[in-house]
Chemist: 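Quick one: this structure, given as structure tokens, is what I'll be asking you about.
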Amino acid sequence: MMTTASAFEPLISSAWGQPQSWTLEHYRQRGGYESLKKTLEMAPAAIIDEVKKSNLRGRGGAGFPTGLKWSFVPKDNPKPKYLTVNADESEPGTFKDRYILSLDPHMMLEGIAIAAYALGVHTCYIYMRGEFKHPAERTQAAIQEAYKAGIFGKTLLGKDFELNCYLVRGAGAYICGEETALLESLEGKKGWPRLKPPFPAVVGLFGSPTVINNVETLSNVPHIFARGADWYSKLGTEKSGGTRLVCLSGTVNRPGVYEIPLQTTVSELIFGDTYGRGLPEGRSVKAVIPGGSSAPVLSPNELDVALEFEALRLKQTMAGSGGVIVMDDTSCMVRCLWRVARFYAEESCGQCTPCREGTPWQTRLLRKIEEGRGEMADLEMLSHVASSIAPYPPMGLGNTICALGDAAALPTHSFLMRFRAEFEAHIHEKRCPFGDKPWGAFGDWS
């Protein structure tokens with residue numbers, strides 16, 4: 001289900017549900033590619049400055065300022081520059097980018113064209129999750145329309161500026177959502193994250209300067225130039241401009257993808273009539289993951305916080321990729337954490353020892369506790385293993401090359417901090433107080 005609040009004007013999802021919204025004809029009827037025309041009359045540096053002023057932040061997870069990221073690309077590097085679109089949406093609880101790709105891909109393509117002109121990029125790669133068959137078909141058709149209309153190709157909408165855009169399908173590896181692993185995969189190698197520095201803006205794809213942006217991030221770019229950076233900035237908060245898409249799932253009456261003002265709180269999203277409309281009768285909120293499964297969990301008394309990068313950071317969690325997962329009072333927190341931990345253990349690339357050894361270690365300890373075989377010492381060991389991967393708080397102090405280690409450790413820390421009594425109950429009662437597991441054994445490590 002895809003709806004938006006009536007109190008503000010949606011940007012990204014405004015055409016969703018309209019017939020043929022994914023076609024070039026429909027996009028142009030809505031003013032599509034007019035922003036590109038404007039930017040082609042501007043100096044590239046002025047375009048980057050406008051994006052900086054807009055306070056657009058990355059919508060893929062980290063929330064890094066987009067204009068600042070663009071400005072890191074060296075101007076005097078003789079090598080070709082590349083733009084890569086991260087469409088490898090694989091964070092559990094996140095399912096927004098696939099709607100953009102399926103329902104309005106030209107919005108992203110216009111953002112690509114603006115970014116490419118500003119950065120002096122002549123080649124763009126869209127790296128898309130392998131499971132996205134329908135979104136890939138829609139996006140490829142949109143690319144072909146853009147070439148046929150003279151938007152891409154030897155000239156950029158009539159401007160003497162060549163831009164080629166290619167769609168590349170991944171193979172379903174979560175690690176390839178990490179930007180340097182994505183680059184490795186694009187180069188035909190194993191998707192292992194790279195050591196940084198150097199950063200991709202200086203040494204990226206094929207050893208050349210590269211900017212990597214998320215699908216939703218680039219889809220916002222045309223709106224900045226349609227009405228100006230000041231207008232776009234004022235839609236959001238002090239440090240975050242615009243609106244954003246969030247994915248609401250779990251025990252709510254109306255799950256779905258919603259476009260929200262950044263001032264919207266977690267509580268409003270769950271209980272608001274425009275959004276989730278609360279929980280089924282007789283259920284109450286027990287926990288909420290606010291930004292995809294890697295984000296530290298919130299307890300019920302922490303829900304009056306805006307779904308915005310800085311506000312959630314003050315709660316020692318993150319807005320992440322916008323995946324809001326609601327767990328009700330019938331949920332077993334040990335079982336939920338075990339499920340999350342299993343995912344990260346399976347998706348670890350194995351390059352770093354803390355992640356390679358620590359993630360399956362977490363799953364073994366959690367399985368032992370869930371099945372009633374746990375001891376109090378296991379809780380201390382679980383906390384120690386998680387800290388060896390990435391200590392918490394604060395966030396961002398991981399001991400691994402990429403953030404998958406943090407993604408695996410942060411849920412463990414936060415579940416233990418907020419729901420320790422439930423973990424202890426499993427140990428004292430030598431059983432799961434919430435009944436039988438809904439799944440069986442998954443091998444010795446699970």
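Computed from a predicted structure; not experimentally measured.
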Chemist: With side chains defined as the heavy atoms from C-beta onward, is the minimum distance between Ile175 and Lys190 less than 4.5 Å?
Modeler: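 The answer is no; the side chains never approach within 4.5 Å.
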
Chemist: Taking Glu178 first and then Lys196, would you say they form a salt bridge - that is, a charged N and a carboxylate O separated by under 4.0 Å?
Modeler: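 Salt bridge: yes.
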
Chemist: Between the main-chain N or O of Tyr99 and the side-chain N or O of Ser102, is there a donor-acceptor pair closer than 3.5 Å?
Modeler: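 Not at all, since once roles are kept as given, no pair shorter than 3.5 Å links the two residues.
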
Chemist: Are any of the side-chain nitrogens in Lys430 or Glu371 under 4.0 Å away from the carboxylate oxygens of its partner?
Modeler: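 Answer for the salt bridge query: no.
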
Chemist: Who are the side chain to side chain contact (heavy atoms under 4.5 Å, CB included) partners of Ile325, not counting sequence neighbours?
Modeler: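 Expected list: Ser249, Ile289.
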
Chemist: Going by the rule side chain to side chain contact (heavy atoms under 4.5 Å, CB included), which residues pair with Arg313 if we only count those two or more places apart in sequence or in a different chain?
Modeler: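 Applying side chain to side chain contact (heavy atoms under 4.5 Å, CB included) to Arg313 gives Glu310.
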
Chemist: Does Arg283 pair with Asp329 as a salt bridge, N-O distance under 4.0 Å?
Modeler: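 No salt bridge links Arg283 with Asp329.
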
Chemist: Would you call Glu259 and Arg244 a salt bridge, taking side-chain N to carboxylate O under 4.0 Å as the test?
Modeler: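 Here Glu259 does not pair with Arg244 in a salt bridge, since their nearest N and O are not under 4.0 Å apart.
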
Chemist: Salt bridge or not between Glu184 and Arg194? Use side-chain N to carboxylate O under 4.0 Å.
Modeler: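 Salt bridge: yes.
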
Chemist: Would you please classify the geometry between the Tyr82 ring and the Tyr125 ring as parallel, tilted or perpendicular, with 30° and 60° separating the classes?
Modeler: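 Rings of Tyr125 and Tyr82: tilted, as their planes differ by 30° to 60°.
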
Chemist: Under the salt bridge (charged side-chain N to carboxylate O under 4.0 Å, His left out) rule, what pairs show up with a residue in residues 114-126, not counting sequence neighbours?
Modeler: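 Passing the test, one end in residues 114-126: no pairs.
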
Chemist: Taking the basic N atoms (NZ, or NE/NH1/NH2) and the acidic carboxylate oxygens, is any pair closer than 4.0 Å for Glu380 and Arg420?
Modeler: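 Looking at Arg420 together with Glu380, the answer is yes, because their closest N to O distance falls below 4.0 Å.
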
Chemist: I'd like to know if Lys69 and Glu179 make a salt bridge, using a cut-off of under 4.0 Å between side-chain N and carboxylate O.
Modeler: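 Yes, this pair counts.
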
